[in-house]
Amino acid sequence: SIGIENADGSDGLQVAFNTDYLHDNLAIQFSQGPTWLTPEQSSGILSANTNDSIKVYFSPGSLCEGNYTADIELDFDFDDNSTASDTSVVIAASLDVYGINEISVNIDSLDFGEVWTGNADTLEFVIENIGTDDLEISDISSDNSVFSAVFSDATIVCGESITVPV
């Protein structure tokens, strides 16, 4: 048997069962279609000399800024009397996503507690980019000169974070 299944074995996809399907240099690829591209229907029947439209929805959701491409493949099953040689058509699809900046900081204050004169202590906070575009941070400052962040300018890409010591 050839196939894949989830971690607990409750769901799977079988490619071949009890056949001579395997041979040297055989490659099998399992892949999921892009989440941003969804056809309204995945199968249907089209009578001779007719046409139909299939809606395809493009939804960026929380994709990071960028250009996304995919192929929409239409596969055809012809009856036994067909002389058609092409059994599929490929339509190129692309989606340009323009991002937004959005920042999140994991805390709203730092409490150093008691620190003796002449000693130093360091605490950290995390800056996360929860937007869909790169987040550029050029400076971090305090209104009290006793505190300083160990920081140089940074670019935080979509979905990533940095830790800043103070």
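When reading the values below, keep in mind they use all heavy atoms of this one structure, side chains included, and skip hydrogens, waters and symmetry mates. Nothing fancy with the numbering, it's 1 onward along the sequence.
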How long is the gap from CG on Asp111 to CD on Glu114, to the nearest 0.5 Å?
-> 10.0 Å
Between Cys158 and Gly131 the two heavy atoms that sit nearest each other are SG-O, 3.4 Å
Where the side chain of Thr132 meets the backbone of Ile100, is there a donor-acceptor pair that is under 3.5 Å apart?
-> yes
Quick one: list whatever passes side-chain hydrogen bond (donor to acceptor under 3.5 Å, both in side chains) with Thr35, sequence neighbours left out.
-> none
Leu37 and Phe58: CA distance, side-chain angles, deciding distance, side-chain contact (heavy atoms from CB on, under 4.5 Å) verdict = CA-CA 5 Å; Leu37 179 75; Phe58 291 72; 3.7 Å; yes
Can you tell if the side chain of Val157 reaches within under 4.5 Å of the side chain of Asn129, non-hydrogen atoms only?
-> no
Does any N or O in the side chain of Asn6 come within less than 3.5 Å of the main-chain N or O of Asp11, such that one atom is a donor and the other an acceptor?
-> yes
Using atom types as modelled and distance alone, determine if a side-chain donor or acceptor of Asp71 lies under 3.5 Å from a backbone N or O of Glu73.
-> no
Atom of Gly159, atom of Glu128 and distance for their closest heavy-atom approach = O-OE2, 4.5 Å
Students should find that the hydrophobic cluster of Val105, defined by side-chain heavy atoms under 4.5 Å apart, otherwise consists of Ile103, Ile107, Leu110, Phe112, Val115, Leu123, Phe125, Ile127, Leu135, Ile137, Ile140, Val146, Phe147, Phe151, Ile156, Ile162, Val164, Val166
Check the hydrophobic clustering (I, L, V, M, F, W, Y; side-chain heavy atoms under 4.5 Å; chains of links allowed) and say if Tyr57 and Leu63 are grouped together.
-> no
Nearest heavy atoms of Val126 and Ser161, plus distance in Å | CG1-CB, 3.8 Å
Could you tell me which non-hydrogen atom of Trp36 sits nearest to which non-hydrogen atom of Ala70, and how far apart they are?
-> CZ2-CB, 3.9 Å
Distance col, row Ser138:OG vs Asp153:CG, nearest 0.5 angstrom, shows 7.0 Å
Please round to the nearest 0.5 Å and tell me the distance separating atom CD of Glu124 and atom OG1 of Thr163.
-> 5.5 Å
Does Glu65 offer a backbone N or O that forms a donor-acceptor pair with the side chain of Asp133 under 3.5 Å?
-> no
Between Glu136 and Thr155, do the side chains contain an N or O donor and an N or O acceptor separated by less than 3.5 Å?
-> yes
Is the number of heavy atoms from other residues, nucleotides or ligands under 6.0 Å of Asp8 CG greater than 12?
-> yes
Minimum side-chain heavy-atom gap Ile72-Val56 below 4.5 Å | yes
How far does CG of Leu95 sit from OG1 of Thr69, to the nearest 0.5 angstrom?
-> 10.0 Å
Atom CG in Asn101, atom CG in Asp134: separation rounded to 0.5 Å?
-> 8.5 Å
